[in-house]
Peer 1: 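The structure that follows is given in the form of structure tokens.
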There are 2 protein chains.
Amino acid sequence: MDAKILCLAALSQGDASGYEIRKIVKSGLLGHSRDIGYSSIYPALSCLLNDGLASVTKYSQIGRPGKKVYRLTPDGRMSLLGALKKPTEVDKTRSDFLFRMLFADILPPSVVEQMIDTKLREIEATLARIDTSADAGFESPGEAFVGGYAAAIQRAMANYIADNRHQLVGSFPGPSNKVRS
Amino acid sequence: MDAKILCLAALSQGDASGYEIRKIVKSGLLGHSRDIGYSSIYPALSCLLNDGLASVTKYSQIGRPGKKVYRLTPDGRMSLLGALKKPTEVDKTRSDFLFRMLFADILPPSVVEQMIDTKLREIEATLARIDTSADAGFESPGEAFVGGYAAAIQRAMANYIADNRHQLVGSFPGPSNKVRS
DNA sequence: TTATACATGTAACTAGTTACATGATTGA
DNA sequence: TCAATCATGTAACTAGTTACATGTATAA
């Protein structure tokens with residue numbers, strides 16, 4: 001299970017509850033390599049406990065549900081290191097945007113325009129997120145590298161789209177009737 | 001099911017068997033947005049048949065298993081167009097490479113070097129694949145856009161890695177003993 | 001002779017998502 | 001007052017992968 005390794009990774013940077021791990025992944029640099037939901041995190045954490053890779057401390061809070069803060073055990077750190085050393089899997093991208101763009105010529109131009117604008121806003125949001133991480137300060141050379149890498153790619157996307165979107169709309173004829181033939 | 005739309009998309013560019021669809025996705029531009037295996041394709045194709053979105057013709061071949069070539073019906077084309085018009089989902093990247101690089105400082109430098117070299121080779125292979133598609137000629141402005149986009153991003157990755165890999169290895173002290181503490 | 005390409009399909013398994021269940025606090 | 005944030009967890013479902021089953025032809 002991949003969620004386990006992700007939790008191990010998140011916890012290696014500091015103790016956290018399941019809820020906090022989600023936030024770390026969603027808003028931090030870890031999120032550039034993977035995504036994960038609560039329903040994967042909570043079972044994964046139980047699993048880590050079972051395997052002796054993490055320990056837990058329960059905190060009661062007033063007017064809030066109790067918080068369970070997890071901490072890596074030495075075994076947990078070893079296990080993470082072992083997982084990190086394994087050969088990498090091939091990177092995968094699942095881009096609904098590119099999928100749609102492949103068929104730009106059979107879609108109404110306004111729809112294509114909208115998809116492009118949505119993508120550009122997405123890129124802006126990602127860049128803003130990276131800036132936030134950068135402002136908080138990178139704590140390792142790895143984090144700085146990943147932040148820079150992610151930013152470079154987002155910028156390359158934005159530039160390419162800005163330079164080439166005219167190819168998709170405007171120069172070409174009609175929309176929907178093309179597909180019906 | 002996503003595999004259905006992918007098959008619809010592949011078939012919209014010409015009749016094909018399940019085996020051929022796999023090849024189209026793996027080696028063509030469609031593969032930059034999604035991946036898929038045989039065991040997703042064959043059930044998806046049966047489904048398309050059931051729903052009247054595709055028709056099939058069986059060819060016997062000497063010394064080869066019989067081939068079932070699928071063709072989109074008009075309903076199939078409409079269905080594809082409908083799916084394409086829907087708002088796009090957010091693009092997702094699952095990068096084992098970035099995940100590992102985040103922890104470069106606790107990995108042995110040689111391991112990090114190897115991961116970087118593997119990633120660079122991966123990029124080369126992807127660029128070569130795009131070139132092959134380009135040489136075969138793009139048949140729509142969408143294909144040209146996607147080919148260019150994918151190439152631009154791969155180049156941005158390679159450039160960033162070339163310019164910044166020194167941050168990860170060399171300047172920093174030790175490997176494995178750091179994690180044991 | 002060994003691996004790869006050709007070609008289709010099912011069964012079992014893995015991993016992840018969505019929806020459900022519960023409920024106080026805080027900010028707009 | 002309405003949405004969002006805090007906080008944990010389960011059940012049901014979706015989607016995809018790996019392994020299995022079968023077998024010929026061709027290129028290295």
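No hydrogens, no waters, no symmetry mates; every other heavy atom, side chains included, goes into these values. All values reported here derive from a predicted model rather than from experimental measurement. Below, read A as the first sequence line, B as the second, and so on, with proteins coming before strands; counting in each chain starts at 1.
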Peer 1: With a 4.0 Å cutoff (strictly under), does any side-chain N or O of Tyr19(A) reach OP1 or OP2 of dC6(D)?
Peer 2: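 So the side chain of Tyr19(A) is within the cut-off, an N or O lying under 4.0 Å from OP1 or OP2 of dC6(D).
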
Peer 1: Whole angstroms only, please: what is the NZ-C1' distance between Lys58(B) and dA7(C)?
Peer 2: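 Whole-Å distance recorded here is 11 Å.
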
Peer 1: Is there a side-chain polar atom (N or O) of Ser46(A) under 4.0 Å from OP1 or OP2 of dG9(D)?
Peer 2: no

Peer 1: If you compare every side-chain N and O of Arg94(A) against the phosphate oxygens of dG16(D) (OP1, OP2), does one of them come in below 4.0 Å?
Peer 2: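 Yes, Arg94(A) has a side-chain N/O under 4.0 Å of OP1/OP2 on dG16(D).
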
Peer 1: Can you measure Lys26(A) atom NZ to dT5(D) atom P for me and round it to whole angstrom units?
Peer 2: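 Between P of dT5(D) and NZ of Lys26(A): 10 Å.
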
Peer 1: Among dG16(D), dA7(D), dG16(C), which is the nearest nucleotide to the side chain of Ser40(A)?
Peer 2: dG16(C)

Peer 1: Separation of Ile21(A) atom CD1 from dA7(D) atom P, in whole Å?
Peer 2: 13 Å

Peer 1: Please confirm whether any donor atom in the side chain of Ser39(A) sits under 3.5 Å from an acceptor in the base of dT18(C), or the reverse.
Peer 2: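 Answer is yes: a donor-acceptor pair is held.
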
Peer 1: If I take atom CD1 in residue Ile41(B) and atom P in nucleotide dG16(D), what distance separates them, rounded to the nearest angstrom?
Peer 2: 11 Å

Peer 1: Let me spell it out: for each of Gly66(B) and Gly37(A), pick the nucleotide of DNA chain C with the closest heavy atom. Which residue's pick is nearer the 5' end?
Peer 2: Gly66(B)

Peer 1: Within the 3.5 Å criterion, strictly below it, is a donor on Asp91(A) or Ser95(B) matched to an acceptor on the partner's side chain?
Peer 2: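 Ser95(B) and Asp91(A) do have a side-chain donor-acceptor pair below 3.5 Å.
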
Peer 1: Please find out if less than 6.0 Å separates the ring center of Phe145(A) from that of Tyr160(B).
Peer 2: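 Phe145(A) vs Tyr160(B): aromatic centres under 6.0 Å.
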
Peer 1: Go nucleotide by nucleotide along DNA chain C from the 5' end; which of Lys68(B) and Ile36(A) gets its closest nucleotide reached first?
Peer 2: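 It is Lys68(B) whose nearest nucleotide is closer to the 5' end.
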
Peer 1: Do side-chain atoms of Glu20(B) reach the backbone of Ser17(B) as a donor and acceptor pair under 3.5 angstrom?
Peer 2: yes

Peer 1: Distance check needed: dA15(C) P versus Asp2(A) CG, whole Å only.
Peer 2: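 Atom CG in Asp2(A) sits about 8 Å away from atom P in dA15(C).
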
Peer 1: Whole angstrom is fine here: how far is it from NZ in Lys92(B) over to P in dG16(C)?
Peer 2: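 For the pair Lys92(B) NZ and dG16(C) P, the rounded distance is 11 Å.
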
Peer 1: So Tyr38(A) and Tyr42(A), would you call those rings parallel, tilted or perpendicular, with 30° and 60° as cut-offs?
Peer 2: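 Rings of Tyr38(A) and Tyr42(A): parallel, under 30°.
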
Peer 1: For dA15(D), does either OP1 or OP2 sit under 4.0 Å from a side-chain N or O belonging to Lys4(B)?
Peer 2: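 Looking at the OP1 and OP2 atoms of dA15(D), neither is under 4.0 Å from any side-chain N or O of Lys4(B).
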
Peer 1: Please report the distance, rounded to the nearest Å, between CD1 in Ile5(A) and C1' in dA15(C).
Peer 2: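 From Ile5(A) CD1 to dA15(C) C1': 13 Å.
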
Peer 1: Are Asp96(B) and Lys119(B) ion-paired here, with the side-chain N under 4.0 Å from a carboxylate O?
Peer 2: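 Looking at Lys119(B) together with Asp96(B), the answer is no, because their closest N to O distance does not fall below 4.0 Å.
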
Peer 1: So does Lys23(A) get a side-chain nitrogen or oxygen closer than 4.0 Å to the phosphate oxygens (OP1/OP2) of dA7(D)?
Peer 2: no

